Amino acid sequence: MEQERTEIQDLGEFGLIDYLTRNIEIQNASTVLGVGDDAAVIDHFGKQTVISTDMLVEGIHFDLMYTPLKHLGYKSVVVNLSDIYAMNAIPTQITISIAFSNRFSLEALNEFYEGVYAACEKYGVDLVGGDTSNSQKGFIISVTAIGEVTPDQFVKRSTAQKGDLLCVTGDLGAAYLGLTLLEREKKIYLESPDVKPDLEGQTYIIGRQLKPEARKDIIEFLQQEEIIPTAMMDVSDGLSSEILHIAKQSNLGVVLYEEKIPIAQESKEIAMKFGLDPTACALSGGEDYELLFTMKQQDYDKIVLNEQISVIGYMADISEGAHIHTKGGNKFKLVSQGWNAFKQ
């Protein structure tokens, strides 16, 4: 049975926007006016406003050969919300702009927006605007996320203090391994299309790549425990480069312990299968969207029972530099080898 295909040009731009935004329900009191006018109106009632924007380009940030459009819509929202949480803020609204070539039908765009709305619903965020355009080829997505924070409770990267504990949430390296697996299967498929993809038992790492989650739960936990991190950012480019950002911007050194880096058992197993070092995947992989933060040592007792938070090191004097202590008892300089969109 052939899938129905509606050409976008049959609707026109306004018809398309009306169609894609037809079922929006406003979830936040701060959204005074959403989609449908010249601009949205937001009132954060005495809170400070936090804004972040991100662009995703087909062929550089995602590959539609193995990325379902619904997952892509979901991920486009989540990676932006992660930046808002990384400021210790709560995301409340997004705008989303897309440019697409004529190979995309209305049904395809609808699938993408299903993912967008699923993420909005899960994280309690309102879609309040955006734009659509033609592109010569491929699919381009730009998302802006807007959030709110109690005045001066936002957390920067540059405010870590000497002696602070260095913490990370969840586990690391899985998204990179998921990508490695998907790229391997794509290569096999292109060489021999009859071979069925072998993704059995790898749902965890593939899910971490195609459908990541932002750490709303951690921000809620920190607020509940009255912990304000001294510095924070999300892990999008790899643990080592993010740690070095905090160290450099805070004018500090850092000591990281390899054995403390949280890596899921599934990630360790698939890394071994690929002949990769799990620690290297965690340090350089990226796209985990976990939170990396520093906090005062006296807050340690408040986080010790939270299994989602690992203490992986501490901030030191700048004269000590940035080092990783390996399981084997060696000490190496920490180098930034994170993912770089400009190295193609």
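Keep in mind the model is a prediction, meaning the values are calculated, not measured.
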(Q) I want to check something: taking the side chain as every heavy atom from C-beta on, are Asn80 and Ile94 in contact at a cut-off of under 4.5 Å? (A) no
Q: Report yes or no: do Met315 and Ile309 belong to one cluster of Ile/Leu/Val/Met/Phe/Trp/Tyr joined by side chain heavy-atom distances under 4.5 Å?
A: no
Q | Within 6.0 angstrom of Tyr74 OH, more than 12 heavy atoms from elsewhere | A | yes
Q: Indicate whether any N or O donor in one side chain lies under 3.5 Å from an N or O acceptor in the other, for Thr92 and Glu148.
A: no
Q | Separation of Met65 CE from Leu190 CG (nearest 0.5 Å) | A | 4.5 Å
Q | His61: which of Leu72, Asp54, Val79, Leu56 passes side-chain contact (heavy atoms from CB on, under 4.5 Å) | A | Leu56
Q: Please report the closest heavy-atom contact between Gly173 and Asp288, naming both atoms and the distance.
A: N-OD2, 3.0 Å
Q: State, yes or no, whether a side-chain contact exists between Phe112 and Ile98 at a heavy-atom distance under 4.5 Å.
A: yes
Q: Supply the atom-to-atom distance Asp43 CG to Asn28 CG, rounded to the nearest 0.5 angstrom.
A: 12.0 Å
Q: With Glu258 as reference, evaluate Thr326, Thr279, Asn330 under the side-chain hydrogen bond (donor to acceptor under 3.5 Å, both in side chains) test and give the passing residue.
A: Thr279
Q: Could you check whether the rings of Tyr314 and Tyr257 sit parallel, tilted or perpendicular, using 30° and 60° as the cut-offs?
A: tilted
Q: Compare all side-chain heavy atoms of Ser142 with those of Thr53 and state whether any distance is below 4.5 angstrom.
A: yes
(Q) Surrounding CD of Glu25 (heavy atoms of other residues, nucleotides or ligands, distance under 6.0 Å), is the total greater than 12? (A) no
Q) Between Leu283 and Ile324, does a side-chain contact (heavy atoms from CB on, under 4.5 Å) hold up when you go through it step by step? A) CA-CA 10 Å; Leu283 288 174; Ile324 178 167; 4.0 Å; yes
Q) Are His325 and Lys331 side-chain neighbours, meaning at least one heavy-atom pair lies under 4.5 Å? A) yes
Q) Can you find a pair of side-chain heavy atoms, one from Arg215 and one from Tyr85, that are under 4.5 Å apart? A) no
Q: Taking all non-hydrogen atoms of both residues into account, name the closest pair between Val143 and Ser76 and its distance.
A: CG2-O, 3.7 Å
Q.
With a sphere of 6.0 Å drawn around CD of Gln265, does it hold more than 12 non-hydrogen atoms of other residues, nucleotides or ligands?
A. yes
**Q.** For Lys47 against Pro151, the heavy-atom pair lying closest together
**A.** CA-CD, 4.3 Å
Q: Starting at CG of Asn102, measure out to CG of Asn134 and round the result to the nearest 0.5 Å.
A: 7.5 Å
Q) Is Phe293 close to Thr169 at the side-chain level, that is, under 4.5 Å between some pair of heavy atoms? A) yes
**Q.** Approximate separation, where rounding is to 0.5 Å, of Tyr289 OH and Ser236 OG
**A.** 5.5 Å
Q) Taking atom CZ of Phe139 and atom CG of Leu64, what is their separation to the nearest 0.5 Å? A) 7.5 Å
Q. In terms of the angle between their ring planes, are Phe100 and Phe104 parallel, tilted or perpendicular, with boundaries placed at 30° and 60°?
A. perpendicular
Q. So do Ile261 and Leu239 actually touch side chain to side chain, heavy atoms under 4.5 Å?
A. yes
Q: Drop me the distance from Glu213's CD to Glu290's CD, to the nearest 0.5 angstrom.
A: 10.5 Å
Q: I would like to know whether Gln48 and Phe154 meet side-chain contact (heavy atoms from CB on, under 4.5 Å); could you show each step before the answer?
A: CA-CA 9 Å; Gln48 286 176 329; Phe154 60 84; 3.4 Å; yes
Q) Are the charged groups of Lys273 and Glu269 less than 4.0 angstrom apart, N to O? A) no
Q.
Using side-chain contact (heavy atoms from CB on, under 4.5 Å), reason through Asp171 and Arg208 one step at a time and then give a plain yes or no.
A. CA-CA 10 Å; Asp171 61 83; Arg208 289 294 302 255; 3.4 Å; yes
Q.
Could you go through His323 and Val255, starting from their C-alpha distance and side-chain angles, then the distance that decides it, and tell me whether this counts as side-chain contact (heavy atoms from CB on, under 4.5 Å)?
A. CA-CA 5 Å; His323 291 93; Val255 176; 5.7 Å; no
Q.
Taking Lys296 first and then Asp299, would you say they form a salt bridge - that is, a charged N and a carboxylate O separated by under 4.0 Å?
A. no
Q) What about Ile42 and Val125, same hydrophobic cluster or not, with Ile/Leu/Val/Met/Phe/Trp/Tyr joined at side-chain heavy-atom distances under 4.5 Å? A) no
Q. When you look at NZ of Lys248, are more than 12 heavy atoms from neighbouring residues, nucleotides or ligands closer to it than 6.0 Å?
A. no
Q) Can Glu287 and Lys75 be counted as an ion pair, charged N to O under 4.0 angstrom? A) yes
Show me the donor-acceptor pairs, under 3.5 Å and distance only, between side chains in residues 220-232 and residues at least two apart or in other chains.
from: Thr230; atom 1: OG1; to: Asp164; atom 2: OD2; distance (Å): 2.7
from: Thr230; atom 1: OG1; to: Thr294; atom 2: O; distance (Å): 3.1
from: Thr230; atom 1: OG1; to: Thr294; atom 2: OG1; distance (Å): 2.6

Q: Side-chain contact test, heavy atoms from C-beta onward, threshold under 4.5 Å: evaluate it for Tyr66 versus Leu179 and give yes or no.
A: yes
(Q) Other residues, nucleotides and ligands only: do more than 12 of their heavy atoms fall within 6.0 Å of CD on Glu183? (A) yes
